2 protein chains.
Amino acid sequence: MARTPRNTLSADLIVRTALDLMEVKGADAFSLRGVAAELGVGPMALYTYFRNKDDLYDAVRDHLMGLLPAVPDGAPWPDQVRAVCRSLRLLMLQHPCLVQLLAGRPLSGHETARVAEGLLGVLLAAGFDAETAARTHTTLFTYVLGSTSWEIQMAAERRDPEAWRRLRASMESLSARKFPSVVELAPELARTTGGDEQFDYGLDLLLAGLAVRTPS
Amino acid sequence: MARTPRNTLSADLIVRTALDLMEVKGADAFSLRGVAAELGVGPMALYTYFRNKDDLYDAVRDHLMGLLPAVPDGAPWPDQVRAVCRSLRLLMLQHPCLVQLLAGRPLSGHETARVAEGLLGVLLAAGFDAETAARTHTTLFTYVLGSTSWEIQMAAERRDPEAWRRLRASMESLSARKFPSVVELAPELARTTGGDEQFDYGLDLLLAGLAVRTPS
DNA sequence: CACCGTACTATACACTGTACGTTAGGGAGA
DNA sequence: TCTCCCTAACGTACAGTGTATAGTACGGTG
């Protein structure tokens, strides 16, 4: 039997291969057997490096989080907050599979702690007290997550012609009597689903609300 | 062969059975064969009423959306907005499987249009222009979705003792040198993950930001 | 050189969604 | 009342999935 020579695998190699597969097939369609085949290895070989599939998910997520840039220093804190939020959003756009990775599992891992550290540091330096900083961090994080997830998933739907046709059809079939506002605002709703402007609109609302309670 | 008598099934019965199963097992662990077995029927019987699994997911989601109460009228618009957001959040808390149902698929169906109609109607009546109303609707919706999804999933993690232990361990192991803010704010972060207060904090930020651009 | 731990393989199991072809029950028309 | 057809439900089958378990050969260490 032409056995694979030893030590050709590594956790890092597996993570990168898994990531490549997720990028083309989507994180949900990704399979352990797929990455094993890609590496020319039996499915069970992966279990030497990862406890199970979820463990591999966590590793890939942490790997992606490691790509986030550091917080720019020397800028006013609202700009810093904006930068952190935007770079997380950008990362999600570049790696759509991150949506599923972040949605299904909780935060853990050093890389994830690193992004939390950046945002919390900015908020503390701005003079917010501990509780407000923590609350604001959670709010911003969940906003970026929810907003960008939504955008990415809608974009995916738009690419699938069959699904897109059905969505349009169900929109058109809405009675203008029963749903006057939805029907009237249909074009605006379509236009405001995603995009930098939409993201910044919500982010600005949050920052404007935060400005009211700015310390000092 | 003791065949199931005809016409005992219906789309509605299947949806309710599927929902029951999702509530106890989670929407991801739910299986078509499971609901078929529950109904004393072969797996393929369901395909008479639903095209595939996703189609059933959509039906269950729309069924849940139908449980949302109407917008209370006669209140100031910020209170109305708060009410809509809170009732969506409440519905998600009561039916955690709704998180996966909303995350995986786009909005469609009449019941979903109904909730959009409610919120949009309030915003238009408040005097916002079409674009602002649409943008605000999207922002509020994605905030509620992201924030509540996060909360529910964290709560689920907390219930699983093994996962919870590992999460605590990875928190404790963080170097206070490299992650001073995270370590220092750990108790606050744990406390502000979820709960009505945290939800309202973010919602109030958004509404405060919105108040700045209130018309008239 | 012998040994042992470990990195990998092989086999197997219990599942999943669903395509395909078949069968039987109930309602409609003669 | 008999007949026919439509369709709801059936059974079988297939290509997958994650992973438990047991076995095997290689590399480094004594």
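This one's a predicted model, so the numbers in the text were calculated from it and none came from an experiment. Chain identifiers are assigned alphabetically (A, B, ...) following the order of the sequence lines, protein sequences preceding nucleic acid strands; residue numbering begins at 1 within each chain.
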Touch class at under 4.0 angstrom, heavy-atom based, for A/F50 against every strand present: nothing

Verdict with reasoning, A/L13 to A/T8, per side chain to side chain contact (heavy atoms under 4.5 Å, CB included): CA-CA 9 Å; A/L13 179 61; A/T8 56; 5.9 Å; no

Residue [X], side-chain heavy atoms: nucleotide from [options] that is nearest:
X	options	result
B/M44	D/dG18, D/dG11, C/dT9	D/dG11
A/K53	C/dT18, D/dG18, C/dA10	D/dG18
B/L32	C/dA19, C/dT9, C/dG17	C/dG17

Measure the distance from [atom1] on [X] to [atom2] on [N] and round it to the nearest whole Å.
X	N	atom1	atom2	answer
A/L9	C/dA7	CG	P	10 Å
A/L46	D/dG18	CG	P	10 Å
B/L39	D/dA8	CG	P	16 Å
A/Y49	C/dA7	OH	C1'	6 Å

Position toward the 5' end of DNA chain D (nearest nucleotide), B/A45 or A/N52: B/A45

Face-on cation placement of A/R89 at A/F199 ring, 6.0 Å and 45° thresholds: yes

A/T48 side chain near C/dC8 phosphate (N/O to OP1/OP2, under 4.0 Å): no

OP1 or OP2 of D/dG18 under 4.0 Å from side-chain N/O of A/Y47: no

B/E151 side-chain N/O to B/T193 backbone N/O, donor-acceptor pair under 3.5 Å: no

Residue pair B/T136 / B/T139, side-chain heavy-atom distance below 4.5 Å: no

Base D/dG18 to side chain A/R33, donor-acceptor N/O within 3.5 Å cut-off: yes

